[in-house]
Amino acid sequence: MKLKRTHTCGELNLSHTGQKVVLNGWVDNWRDHGGIIFIDLRDRYGKTQVVFYPENADIYATAKKLRSEYVIAVKGEVQARPPEAVNPNLSTGEIEVRVEALELLNVSQVPPFEIKDYVDASEDLRLRYRYLDLRRPKLQRNILLRHRLAQFTRQFFDQEGFVEIETPFLTKSTPEGARDFLVPSRLHRGKFYALPQSPQTYKQILMVSGFDKYFQIVKCFRDEDLRKDRQPEFTQIDIEMSFVDEDDVMGVVERYIQQLFKQLFDEDIPIPFPRIPYHEAMERFGSDKPDLRFGLELNEVTPLFSNTAFNVFASVVKAKGYIGALVVPQASSYSRKQIEQLGKYIESLGGKGLAHVKFMNGQLEGGISKFLSADEHQALKTQLSLKDDALILMVADTHREFAQTLLGSLRLRLAEELDLIDKSVKKFHWVVDFPLLEYDEEEQRYVARHHPFTSPKLEDINKLESQPEEVRARAYDLIFNGNEIAGGSIRIHTREMQEKMFRLLKIEPDEAERKFGFLMEAFQYGAPPHGGIAFGFDRLVMLIADTPSIRDVIAFPKTASAVGLMENTPSEVDPQQLKELGISIENK
RNA sequence: GGGGUCGUAGUUCAGUUGGUUAGAACGCCGGCCUGUCACGCCGGAGGUCGCGAGUUCGAGUCUCGUCGGCCCCGCCA
């Protein structure tokens with residue numbers, strides 16, 4: 001390549017007029033006027049219009065053949081555009097480059113879709129040709145934002161005295177939590193490494209080592225089903241600190257978020273963030289990650305129906321279940337069909353159904369109103385402070401939290417349909433006081449809600465054996481506009497407590513020893529009290545980039561079925577490779 | 001594992017009650033054009049209607065199966 005760039009395609013302006021410059025880039029668009037030819041040259045910094053005149057026959061002949069996505073180098077003089085030809089939509093729109101030399105660096109086939117932000121292509125096609133999709137300004141902006149966030153993160157935690165330490169990817173499979181990705185060992189036939197679900201145990205051991213404040217921007221791997229905000233490999237900002245309690249960890253995180261928005265976007269985020277106990281979040285919003293940008297809170301109405309004749313509610317009351325209501329104001333125009341759709345939605349989530357009544361002209365009508373007594377009408381009216389034109393949506397289920405979750409999902413859907421969310425608002429808050437354990441019906445035992453290294457609250461320790469489900473954890477989740485973006489806890493740091501926890505989880509002592517013996521052993525050599533948190537980095541970037549999918553902020557993501565469409569992963573391997581590993585494949 | 005939804009030209013889509021030769025826009029190819037910038041004008045090529053069965057005189061359209069994309073439930077300490 002003879003012509004090496006002196007400038008990028010985004011930086012030239014009137015002040016460069018008269019200068020000889022060289023630009024390298026891709027043909028974004030071409031306009032051949034017969035005599036004069038315009039090319040928009042594109043690189044990641046922007047676009048610059050270059051002009052070919054017929055004077056130089058050789059160059060002009062080559063220019064005639066230029067097509068979309070050809071890679072070229074041009075040399076020429078920066079000239080001011082005629083006033084009527086200035087393009088105000090382009091940062092370089094006041095100038096153009098009059099080409100004196102042209103080097104065709106590479107041609108391109110006609111791309112399978114146009115590399116333009118205003119041209120759509122299906123996502124599978126864009127994933128198949130990810131390198132072309134990544135040429136688009138929109139995706140480039142996301143990737144560059146991700147880069148800036150990563151750089152800010154390193155700078156912030158460095159300034160706060162944190163040490164970035166790498167932990168292994170070839171780790172040990174653990175019984176609790178997500179399914180592991182396994183890596184067979186060639187040197188130890190029949191044995192496997194596991195890719196880390198998170199560097200949890202390593203970072204705790206680094207605390208035992210005295211590193212005090214650790215962070216890492218690190219890949220994690222979980223072999224579970226995907227969602228629009230979940231990929232099998234994803235990135236965490238992993239943080240751990242010694243000699244701290246909840247307030248210290250939450251404090252660092254609040255400063256991090258505040259400075260992030262200040263430095264990157266000059267936005268002021270007030271701290272500290274509100275803290276909402278888990279129980280309250282469920283009661284008021286039906287979610288452990290409530291979106292606080294709008295109201296529409298849940299109302300429990302179970303007691304109103306203690307003697308109801310309405311069978312559906314009566315059976316739920318009898319089973320000590322939960323009946324809750326959402327009151328949608330000025331919604332009497334909701335059509336029968338729309339309400340039916342909401343009912344189908346509840347059923348698709350596993351609910352038994354959605355009951356509704358309308359409040360018009362001072363009384364309840366429609367829906368289930370005819371099954372309710374006059375007293376019940378009055379009680380609903382009073383307790384829900386009903387005003388005319390309200391739509392009341394009710395869900396009942398024998399399982400209290402499940403019913404609340406259904407209403408929580410309905411609440412989000414209604415907010416979307418009724419446009420209740422002010423998208424310019426940024427709401428950060430903590431959810432705290434999570435239950436330490438939850439009962440797993442399938443496994444017939446308690447499992448850790450967060451993870452088995454989370455410390456119980458001191459004041460609840462005496463309930464560990466008597467009322468395990470009552471014990472609260474020293475855990476905290478950070479919620480941003482209804483999305484969980486970070487979660488962490490104060491950890492257990494003594495062998496005794498850790499053993500007790502494993503016993504509660506019905507993990508046999510010899511299994512605990514095999515899987516976590518190294519951690520418990522480390523605790524015996526002066527483990528400091530410690531705690532930490534981890535951010536879902538991709539999710540954070542996704543929310544800040546305001547894009548609907550985590551795939552939009554990952555250079556090479558997988559599809560919903562965990563397939564890499566560009567490189568075709570996963571794929572079969574050479575039988576010789578399997579032989580070396582001592583692995584044979586069962587018939588499918 | 002379960003549910004929903006989509007699949008028609010290179011791309012994004014339309015396609016009526018099952019009925020003649022499946023359309024549009026953009027892109028692509030050829031021609032014309034010296035101030036355009038999502039240039040313009042003229043002409044042209046381009047289709048295994050995802051795949052496989054079935055119903056029917058006749059299927060892009062209906063039925064069943066299957067594959068793939070996306071979304072949700074389960075799952076994700």
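Just so we're clear, the structure is a prediction, and the values are computed from it rather than from any experiment. Below, chain A is the first sequence line, B the second, and so on; all start at residue 1.
Base engagement by A:Asn87 is indicated by at least one non-hydrogen atom pair under 4.0 Å involving a base atom. Using a 4.0 Å heavy-atom criterion, one finds that A:Ser561 contacts the sugar-phosphate atoms exclusively. When heavy atoms are screened at a 4.0 angstrom cut-off, A:Ile37 is found touching no nucleic acid atom at all. Counting non-hydrogen atoms under 4.0 angstrom, A:Val86 reaches a base of the nucleic acid. A:Arg551 comes within 4.0 angstrom of the backbone, heavy atoms only, and of no base. Within the 4.0 angstrom heavy-atom criterion, base atoms lie near A:Gln49. Residue-level contact check: A:Arg227 touches the bases, meaning some heavy atom is under 4.0 Å from a base atom. A:Arg67 comes within contact range of the sugar-phosphate backbone alone, with a heavy-atom separation under 4.0 Å but no base atom that close. In this structure, A:Gln231 reaches neither bases nor backbone, as no heavy-atom distance under 4.0 Å exists between it and the strands shown. Within the 4.0 angstrom heavy-atom criterion, base atoms lie near A:Pro452.
Using modelled atom types, one side-chain atom of A:Asn56 and one backbone atom of A:Asp58 make a donor-acceptor pair closer than 3.5 Å.
B:rA25 is paired with B:rU11 under the Watson-Crick or G-U wobble criterion, all donor-acceptor distances under 3.5 Å. With a cut-off of 3.5 Å on both pairing distances, the Watson-Crick or G-U wobble partner of B:rG40 is B:rC32. B:rG74: no Watson-Crick or G-U partner with both key distances under 3.5 Å is found in any strand.
When each of A:Ser122 and A:Ser68 is assigned the nucleotide of RNA chain B bearing its nearest heavy atom, the one mapping closer to the 5' terminus is A:Ser122.
Within the cation-pi definition used here (under 6.0 Å to the ring centroid, within 45° of the axis), A:Arg222 does not qualify as a partner of A:Phe234.
Comparing B:rU36, B:rC71, B:rG27 by their closest approach to the side chain of A:Ala560 singles out B:rC71. In this structure, the nucleotide among B:rG69, B:rC75, B:rC33 sitting nearest to the side chain of A:Asp32 is B:rC33. Comparing atom distances between the A:Pro54 side chain and each of B:rC28, B:rU11, B:rU34 picks out B:rU34 as nearest.
Contact of A:Arg222 with B:rC76 (side chain to base): no donor-acceptor pair of N or O atoms is detected under 3.5 Å. At a cut-off of 3.5 angstrom, counting only N and O atoms as typed in the model, there is no donor on one side facing an acceptor on the other between the side-chain of A:Arg126 and the base of B:rU11. Remark: the A:Glu347 side chain and the B:rG3 base include no donor-acceptor N/O pair separated by less than 3.5 Å. Put simply, the side chain of A:Arg31 and the base of B:rC33 share no donor and acceptor less than 3.5 Å apart. Looking at A:Arg413, its side chain has no donor and acceptor atom pair within 3.5 Å of the base of B:rC72.
Between A:Arg128 and A:Asp124 no salt bridge is recorded (no basic side-chain N to carboxylate O distance below 4.0 Å). With respect to the salt-bridge test (charged N to carboxylate O, under 4.0 angstrom), the residues A:Arg445 and A:Glu508 do not qualify.
If you take OH of A:Tyr345 and P of B:rU5, they are 16 Å apart, rounded to a whole angstrom.
With ring centers used as reference points, A:Phe52 lies 6.0 Å or more from A:Tyr60.
Rounded to the nearest Å, the gap between the C1' atom of B:rG7 and that of B:rG60 is 12 Å.
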